[in-house]
Amino acid sequence: MINLNLTGATRLNIIVGDPIAQVKSPAGVTQAFIDRGYDGILVPVQINGARLKTFLAAATDVRNLDGIIVTVPHKFACYEFCATSTDRARLLGSVNIMRRRREGGWHGDHVDGLGFVGAVRANGYDPTGKCALLVGAGGAGSAIAMALVEAGVRSLAIHDNEAARRDQLIAKLATLGKAGIGPGSADPSGFDLVANATPLGMKAGDPLPLDASKLEASTFVGCVITSPAVSPLVEAARRLGCKTSTGTEMYNALQSSMVDFLLARDGSR
């Protein structure tokens, strides 16, 4: 249970997105701050893309703002605002977390993929040597694709309705020199592991991101959606006997990585 003692000395961290109501991190990250002895909170901020740059410029001047977590759809745009970033974020051209630098500006990383792979493994499945399909090549999907390649999948097919975005991600991942990487489709037939990194399923009436009728019981299905807690794709996969991981399990697997990053302040305030 969160037991806050808010004062003027409490440090501010924010999570930015549009929409934002679906995120689970404010309570969990704030509790982690308390557990680690850091006097800080995480609060949600809804901002649309047209105003994001103006908002980030103003946020940089907020002297008690230490960190920013980034969710849909701002991960590529926020990367452009970072003065420095990790190798992983530079390859992907996106971030899901930023911390203030002592010398000014922001330092970014992208750990969504670590969370996805962590959730898969926590559910008893090893992606090493597997044939994987990723649906969605946006910010989260890009990080998941990289993490799957780094985790040792034998091959990775990527499907996205925007062919240019898909092809750009394939080209970036090809520079790693690992796994066979190419375009995929919404047909999951023959894949060992399927990852949904699209928002399809968040809204009532959304179509499934892939043809679930072609899933096999031996296929592992992971999803990034946190609301609803069990997405329609995961529900469909479970009815067929598939092992699964949810967006909430993904978040639980990556929370410590986000907090580690945010609290590695490098002397910045």
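When every heavy atom of Asp160 is checked against every heavy atom of Ala137, the shortest pair comes out as OD2-N, 2.7 Å. The minimum heavy-atom distance linking Thr60 with Arg100 is given by the pair O-NH1, 2.8 Å. Considering all non-hydrogen atoms of both residues, Ala143 and Asp112 come closest at CB-CB, 3.9 Å. The minimum heavy-atom distance linking Ala197 with Gly136 is given by the pair CB-O, 3.8 Å. When all heavy atoms of Ala151 and Pro127 are compared, the pair lying nearest together is CB-CG, 3.9 Å. Considering all non-hydrogen atoms of both residues, Lys214 and Asp187 come closest at CD-OD1, 3.2 Å.
For Asn5, there are no side-chain hydrogen bond (donor to acceptor under 3.5 Å, both in side chains) partners two or more places apart in sequence or in a different chain. With sequence neighbours left out, the side-chain hydrogen bond (donor to acceptor under 3.5 Å, both in side chains) criterion links Arg166 to no other residue.
By the criterion of side-chain heavy atoms lying less than 4.5 angstrom apart, applied directly or through intervening Ile, Leu, Val, Met, Phe, Trp or Tyr residues, Phe76 is not grouped with Met98; the two fall into different hydrophobic clusters. Both Leu114 and Ile15 are part of a single hydrophobic cluster, where members link through side-chain heavy atoms under 4.5 Å apart. Linking Ile, Leu, Val, Met, Phe, Trp and Tyr residues whenever their side-chain heavy atoms come within less than 4.5 Å leaves Leu193 and Val234 in two separate clusters. Hydrophobic clustering (side-chain heavy atoms under 4.5 Å, transitive across Ile, Leu, Val, Met, Phe, Trp, Tyr) keeps Val72 apart from Ile47. Under the 4.5 Å side-chain heavy-atom criterion for Ile, Leu, Val, Met, Phe, Trp and Tyr, Leu200 and Val23 are members of distinct hydrophobic clusters.
Considering only heavy atoms from C-beta on, Trp106 stays 4.5 Å or farther from Val95 through its side chain. Using a 4.5 Å heavy-atom threshold, the side chains of Asn252 and Lys24 count as separate. Using a 4.5 Å heavy-atom threshold, the side chains of Gln255 and Val29 count as touching. Between Asn13 and Phe33 the shortest side-chain heavy-atom distance falls below 4.5 Å. Considering only heavy atoms from C-beta on, Pro199 stays 4.5 Å or farther from Ile225 through its side chain. Inter-residue side-chain proximity for Leu56 and Cys78 is flagged as met; some heavy-atom pair is nearer than 4.5 Å.
More than 12 heavy atoms of other residues, nucleotides or ligands sit less than 6.0 Å from atom CG of Asn64. Annotation: Arg36, atom CZ; neighbour count of heavy atoms from other residues, nucleotides and ligands within 6.0 Å is above 12.
For Lys130 and Tyr125, the positive end sits near the middle of the six-membered ring, less than 6.0 Å away and at most 45° from its axis. Geometric assessment of Arg99 against the ring of Phe261 yields a positive cation-pi assignment under the 6.0 Å and 45° thresholds.
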Step-by-step side chain to side chain contact (heavy atoms under 4.5 Å, CB included) determination, Leu148 to Val117: CA-CA 7 Å; Leu148 287 171; Val117 171; 4.1 Å; yes
Could you walk me through whether Leu92 and Lys75 satisfy the side chain to side chain contact (heavy atoms under 4.5 Å, CB included) test, starting with their C-alpha distance in whole Å, then the side-chain angles of each, then the deciding distance to 0.1 Å, before giving a yes or no? CA-CA 10 Å; Leu92 297 172; Lys75 295 176 183 182; over 6 Å; no
Please step through side chain to side chain contact (heavy atoms under 4.5 Å, CB included) for the pair Val45 and Phe55, ending with a clear verdict. CA-CA 10 Å; Val45 173; Phe55 172 79; 3.8 Å; yes
Side chain to side chain contact (heavy atoms under 4.5 Å, CB included) between Leu173 and Ile158, worked out: CA-CA 11 Å; Leu173 296 175; Ile158 300 173; 3.9 Å; yes
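Atoms CD and CZ, on Glu249 and Phe116 in that order, are 10.5 Å from each other to the nearest 0.5 Å. The CG atom of Leu65 sits 5.0 Å away from atom CG of Leu12, with the distance rounded to the nearest 0.5 Å. Between the CD1 atom of Ile69 and the OG atom of Ser25 there is a distance of 5.0 Å, given to the nearest 0.5 Å. Distance CG/Asp66 to CD1/Ile41: 11.0 Å, rounded to 0.5 Å. Distance CZ/Arg88 to OG/Ser142: 13.5 Å, rounded to 0.5 Å. From Arg90, atom CZ reaches atom NZ of Lys172 across 13.0 Å, with rounding to the nearest 0.5 Å.
Clustering of Ile, Leu, Val, Met, Phe, Trp and Tyr by side-chain heavy atoms under 4.5 Å joins Val135 with Leu133, Phe191, Val194, Leu208, Leu210, Leu215, Val221, Leu233, Leu240.
Looking only at distances, a side-chain donor or acceptor of Thr10 sits under 3.5 Å from a matching main-chain atom of Thr7. Panel note: side chain Asp192, backbone Cys131; a donor-acceptor pair is recorded below 3.5 Å.
For Asp126 and Thr128, the side-chain atoms include at least one donor-acceptor pair closer than 3.5 Å.
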